[in-house]
Amino acid sequence: MNKKVLYIDMDNVLVDFPSGISRLPEDVVREFDGKLDEVPCIFSLMEPMPQAVESFEILAGLFDTYILSTAPWENPSAWSDKLLWVKKHLGDPAHKRLILSHHKNLNAGHFLVDDRTQNGVDRFTGEHVHFGTVLFPNWQSVVEYLRDKAT
């Protein structure tokens with residue numbers, strides 16, 4: 001039986017972006033005000049969102065699961081830091097399953113868990129599971145919803 005395709009975003013979905021900001025020196029926060037995603041190596045400082053790792057493992061067993069994220073164009077270290085983050089926190093279930101794109105709509109699939117509608121999410125042809133909203137405020141709600149959609 002073929003599994004349905006599921007994509008999961010990183011920033012503020014799998015990855016707790018503010019956890020990286022809290023580790024930055026105050027002068028760096030001021031220097032990069034409004035563009036904190038461009039701080040070199042910031043993505044290497046971030047922790048997983050609550051229940052993200054466990055939820056990814058569950059969903060990776062139910063779906064053909066990929067990480068679909070956008071890396072800042074002006075921050076070359078973000079591209080490698082995101083790969084290293086996936087290896088460190090998600091391990092084998094995410095092996096060779098990271099896709100970095102500014103055009104998420106070009107990926108064909110059934111579901112996309114993302115906290116935003118930018119970078120093609122609003123044109124994704126499958127279902128957008130809008131993380132952090134009233135319907136999907138946390139990972140528990142996402143797993144409960146998607147578990148029923150896997151078959």
Side-chain angles (χ1 to χ4, degrees), residues 3-133 136-143 146:
K3 293 181 178 181
K4 292 180 180 176
V5 176
L6 168 66
Y7 298 102
I8 302 175
D9 180 44
M10 287 184 75
D11 304 345
N12 295 315
V13 178
L14 288 169
V15 180
D16 183 356
F17 194 90
S19 70
I21 295 170
S22 70
R23 293 186 170 127
L24 294 174
E26 193 59 39
D27 61 319
V28 173
V29 173
R30 280 192 303 275
E31 178 185 349
F32 286 87
D33 185 38
K35 53 182 181 172
L36 289 166
D37 62 345
E38 294 180 11
V39 174
C41 301
I42 188 167
F43 291 93
S44 66
L45 303 174
M46 297 177 189
E47 294 297 323
M49 291 288 280
Q51 299 179 326
V53 173
E54 302 84 356
S55 298
F56 182 86
E57 290 171 359
I58 291 167
L59 294 171
L62 298 172
F63 292 89
D64 186 11
T65 305
Y66 298 87
I67 299 101
L68 179 56
S69 187
T70 301
W73 194 253
E74 299 301 327
N75 185 354
S77 74
W79 298 71
S80 57
D81 288 340
K82 286 187 177 226
L83 170 62
L84 295 173
W85 191 96
V86 167
K87 286 180 166 187
K88 177 180 179 181
H89 294 285
L90 301 179
D92 286 340
H95 182 74
K96 294 190 176 183
R97 295 198 164 257
L98 173 63
I99 302 167
L100 298 176
S101 175
H102 290 90
H103 306 279
K104 294 181 180 183
N105 56 300
L106 298 178
N107 291 274
H110 298 90
F111 302 96
L112 169 59
V113 180
D114 204 309
D115 65 316
R116 301 174 359 141
T117 58
Q118 287 86 351
N119 298 313
V121 173
D122 58 342
R123 296 183 312 279
F124 179 71
T125 57
E127 182 178 344
H128 175 204
V129 176
H130 201 158
F131 190 83
T133 60
F136 303 107
N138 54 37
W139 272 108
Q140 180 181 347
S141 62
V142 170
V143 171
L146 287 175

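Treat the numbers as computed from the prediction; the structure is a model and nothing was measured.
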Note to self: I need the minimum non-hydrogen distance between Thr117 and His130, along with the two atoms involved.
What the structure shows: CG2-CE1, 4.0 Å
Next item on the list: Drop me the distance from Lys87's NZ to Lys96's NZ, to the nearest 0.5 angstrom.
Entry: 9.5 Å
Next item on the list: Return the set of residues passing side-chain contact (heavy atoms from CB on, under 4.5 Å) with Ser22 (not counting sequence neighbours), or none when no residue passes.
Entry: none
Next item on the list: Applying salt bridge (charged side-chain N to carboxylate O under 4.0 Å, His left out), name anything that partners Asp9, two or more places apart in sequence or on another chain.
Entry: Lys104
Next item on the list: Work out which heavy atom in Met10 is nearest to a heavy atom in Ser69; give both atom names and the distance.
Entry: CB-OG, 3.5 Å
Item checked: Heavy-atom side-chain proximity of Phe43 to Asp11 below 4.5 angstrom -> yes
Note to self: Would Leu36 and Leu24 count as a side-chain contact (heavy atoms from CB on, under 4.5 Å) here? Give the steps.
What the structure shows: CA-CA 10 Å; Leu36 289 166; Leu24 294 174; 4.3 Å; yes
Notebook entry, point to check: Looking at Lys88 and Asp81, does any basic side-chain N land under 4.0 Å from a carboxylate oxygen?
Noted result: no
Next item on the list: For residues Leu90 and Pro93, report the shortest heavy-atom separation together with the two atoms involved.
Entry: O-CD, 3.0 Å
Next item on the list: State whether the side chain of Asp27 and the backbone N or O of Arg30 hold a donor-acceptor pair below 3.5 Å, judged by distance alone.
Entry: no
Checklist line | Member of Tyr7, Phe136, Trp139 meeting the ring pair (Phe, Tyr, Trp, His ring centres under 6.0 Å) criterion with Phe131 | finding: Trp139
Next item on the list: Supply the atom-to-atom distance Leu14 CG to Asp115 CG, rounded to the nearest 0.5 angstrom.
Entry: 10.5 Å
Notebook entry, point to check: When rounded to the nearest 0.5 angstrom, what distance separates CZ in Arg23 from OG in Ser44?
Noted result: 9.5 Å
Note to self: Please enumerate all residues that pass side-chain contact (heavy atoms from CB on, under 4.5 Å) together with Thr125, with sequence neighbours excluded.
What the structure shows: none
Check: What distance separates Ile8 CD1 from Leu98 CG, expressed to the nearest 0.5 Å?
Finding: 12.0 Å
Next item on the list: Please identify each residue that fulfils side-chain contact (heavy atoms from CB on, under 4.5 Å) with Trp73, with sequence neighbours left out.
Entry: Trp79, His102
Check: Can you name the side-chain contact (heavy atoms from CB on, under 4.5 Å) partners of His103, sequence neighbours left out?
Finding: Ser101, Asn105, Leu106
Margin query: I'd like to check Leu112 versus Leu68 (side-chain heavy atoms, cut-off strictly below 4.5 Å). Are they in contact?
Written below: yes
Next item on the list: Quick one: list whatever passes side-chain hydrogen bond (donor to acceptor under 3.5 Å, both in side chains) with Gln140, sequence neighbours left out.
Entry: Glu144
Check: Below 4.5 Å, heavy atoms only, C-beta onward: do Ile42 and Phe32 meet side chain to side chain?
Finding: no
Notebook entry, point to check: Which atoms form the tightest heavy-atom contact between Ala71 and Leu100, and what is the distance?
Noted result: CB-CD1, 4.5 Å
Next item on the list: For residues Lys82 and Thr70, report the shortest heavy-atom separation together with the two atoms involved.
Entry: NZ-O, 2.9 Å
Next item on the list: State which residue, out of Lys3, Lys4, His110, Arg97, fulfils the side-chain hydrogen bond (donor to acceptor under 3.5 Å, both in side chains) condition with Asp64.
Entry: Arg97
Checklist line | Heavy-atom donor-acceptor pair, Ser77 side chain to Pro40 backbone, under 3.5 Å | finding: no
Next item on the list: Check whether any side-chain heavy atom of Val142 sits under 4.5 Å from a side-chain heavy atom of Val13, and report yes or no.
Entry: no
Note to self: Tell me whether His128 contacts the main-chain N or O of Asp114 through its side chain, where contact means a donor paired with an acceptor under 3.5 Å.
What the structure shows: yes
Margin query: Any heavy-atom pair between the side chains of Asp37 and Asn75 that's under 4.5 Å?
Written below: no
Margin query: I'd like to check Glu47 versus His89 (side-chain heavy atoms, cut-off strictly below 4.5 Å). Are they in contact?
Written below: yes
Notebook entry, point to check: Got Pro48 and Trp85 here, is their nearest side-chain heavy-atom distance under 4.5 Å?
Noted result: yes
Notebook entry, point to check: How far apart are the closest heavy atoms of Thr65 and Ala60, and which atoms are they?
Noted result: OG1-CA, 3.4 Å
